[in-house]
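Structure provided below as C-alpha cells; questions to follow.
To find a chain, count down the sequence lines: A is the first, B the second, and so on, and within it residues start at 1.
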Protein chains: 2
Amino acid sequence: MRIGKVAERAGVSVRALRYYEEQGLVIADRSPSGHRQYPESAVERVKFIQLLYAAGLTSKAILQILPFLDTLVATPQMTRRLTDERARIRVRIDALTKAHDRLEELIRLAAEYENSPATCSASADIAASHTSPPRR
Amino acid sequence: MRIGKVAERAGVSVRALRYYEEQGLVIADRSPSGHRQYPESAVERVKFIQLLYAAGLTSKAILQILPFLDTLVATPQMTRRLTDERARIRVRIDALTKAHDRLEELIRLAAEYENSPATCSASADIAASHTSPPRR
DNA sequence: CTAGAACCTCACGTCAACGTGAGGTTCAAG
DNA sequence: CTTGAACCTCACGTTGACGTGAGGTTCTAG
C-alpha cells in the first residue's frame, strides 16, 4: 500500500507518516523508484500511534513501547514502561476530571444565575473557595 | 503580596506569572517602584488557571472564561463557553481512557507472557486486532 | 551602609509534531 | 504520449507556554 492510502485509512496526513518514519515508529519498504510501500498492518499501527499521541506520549515514549506490539515479548523493562505510561495517563485523566468537575460546578452556578440573577451574590464564595477548604 | 510569594504558594514559576499578566489572565497592581502587588485571591486564581491549562485550554480560552469568576454574571455566551470547554474536556478524557484501557490490555498480555512465554503466540491477534472488529 | 536576595524589562531559545512551500520524479488514465 | 495526481527530498515555518540569560533597579537584614 502506498502512503496516500495509508494516510487516508488511518486518518492522518502524509506528512505525519513521513515524520513517523523519521522517528522510527513505522518502517516502510521502498519500491524500486523510491516510493514507500506499507503492509496492511501499517494502518492499525498508525492508529495505535495516534492513540498514544492523543494520550500525551512523545515519539520517544511510543518508540519504547512499539517493539512489544511486534514481538509480544515482555521484558521486565517493557512491563515497567507500559505500567509507567498507564500511570501517567491516569494522572492526566484525574487532572482532566478535576477540571471537568470544576467547570460543571461553574455551569451550575451560571444556570442558577439565569434563574434568578438578583439572589446569586451569596454564591460568590462557593465559586472562590473551591480549591481550598471552606473558611469561617 | 509580591510575585515570588504568589509563585511559591500557587506552585508556578515567577516567569509564568509574568506571562499570565501578559496574556491578561491576572492583573497586578504596581508599587511605586514598579514591583507587582497581588491580592490574596491571586493564589486561587492562578491555581484555577493552572487547572485549565492542565486540561488543555489555551490562554485565549481561559481568558474568555475568567470574567465569570470575577463577576458571576452568566451571559448566554458565557454559559456556552463553559459547556463547550466541558465538552472538549470530556472528549479528551474519553481519548485518554481509550489509551489507558489499551495499555491495560497490553499489560495483561505482558503478564501472561511472563507466566508462560512459550504458549503466548496465540494471543498475537488479540494485540493486533483491537481497533478493528474481529475478522473471520 | 552594604551585600545579597528579589524584583524589573527586553528579547532570544526551546520543544514537539507536524504544516508548508520549493523543486523535481514517477505513476496511471485517456 | 501526455498530463495531472501522487510521490520524493530538503528545509524552513508554526504554535504555546513558558525557560533562560543579560543588564539594571529595589528591597531588606545585619
Distance-only donor-acceptor check, side chains B:H35 and B:R30, under 3.5 Å: no
Proximity to the side chain of B:S33 - top-ranked nucleotide from D:dT26, D:dC7, C:dC18: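 For B:S33, the side-chain atoms sit closest to D:dT26.
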Touch class at under 4.0 angstrom, heavy-atom based, for A:R2 against every strand present: sugar-phosphate
Nucleotide C:dT26, atom P - distance to CD of A:Q37 in whole Å: 15 Å
5' priority, DNA chain C, between B:I3 and A:I62 [closest heavy atom]: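 Its nearest nucleotide being more 5', the pick is B:I3.
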C:dA17 phosphate, OP1 or OP2, under 4.0 Å from A:Y19 side-chain N/O: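 So the side chain of A:Y19 is within the cut-off, an N or O lying under 4.0 Å from OP1 or OP2 of C:dA17.
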Sugar-phosphate only, base, or nothing, as touched by A:S31 at under 4.0 Å among non-hydrogen atoms: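 If one applies the 4.0 Å heavy-atom cut-off, A:S31 turns out to touch nothing in the nucleic acid.
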Options C:dT9, D:dC18, C:dT26, nucleotide nearest the side-chain atoms of B:Q50: D:dC18
Side-chain H-bond candidate by donor/acceptor type, B:H100 with A:R90, under 3.5 Å: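 Short answer, yes.
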Distance test, side-chain N/O of B:S59 to OP1/OP2 of D:dA17, below 4.0 Å: yes
Rounded distance in Å - OH (A:Y20) to C1' (C:dC18):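 About 8 Å, once rounded to whole Å.
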Spacing between A:L52 atom CG and C:dA16 atom P, to the nearest angstrom: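 Distance, rounded to whole Å: 17 Å.
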NZ/NE/NH1/NH2 to OD/OE distance under 4.0 Å, A:R18 and A:E21: no
Interatomic distance where NZ belongs to A:K60 and P belongs to C:dA16 [whole Å]: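 In whole Å, C:dA16 P and A:K60 NZ are 9 Å from each other.
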Polar side chain donor-acceptor pair, A:S59 to A:Y53, under 3.5 angstrom: yes
Nearest-angstrom distance from the residue atom CG of B:L25 to P of D:dA17: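 Whole-Å distance recorded here is 9 Å.
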Check: B:R36 side chain, B:R2 main-chain N or O, donor-acceptor pair, under 3.5 Å: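 No.
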d(CD, B:Q23; C1', D:dG16) in whole Å: 9 Å
Phosphate OP1/OP2 of D:dC8: any A:R36 side-chain N/O under 4.0 Å: yes
Sugar-phosphate only, base, or nothing, as touched by B:L57 at under 4.0 Å among non-hydrogen atoms: sugar-phosphate
Atom-pair distance (NE2 on A:H35; P on D:dC7), nearest Å: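 Distance, rounded to whole Å: 8 Å.
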Integer-rounded Å distance: D:dC10 P and A:R18 CZ: 12 Å
Nearest listed nucleotide, side chain of A:R15, among D:dT26, C:dT20, D:dG16: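 So the nucleotide nearest the side chain must be C:dT20.
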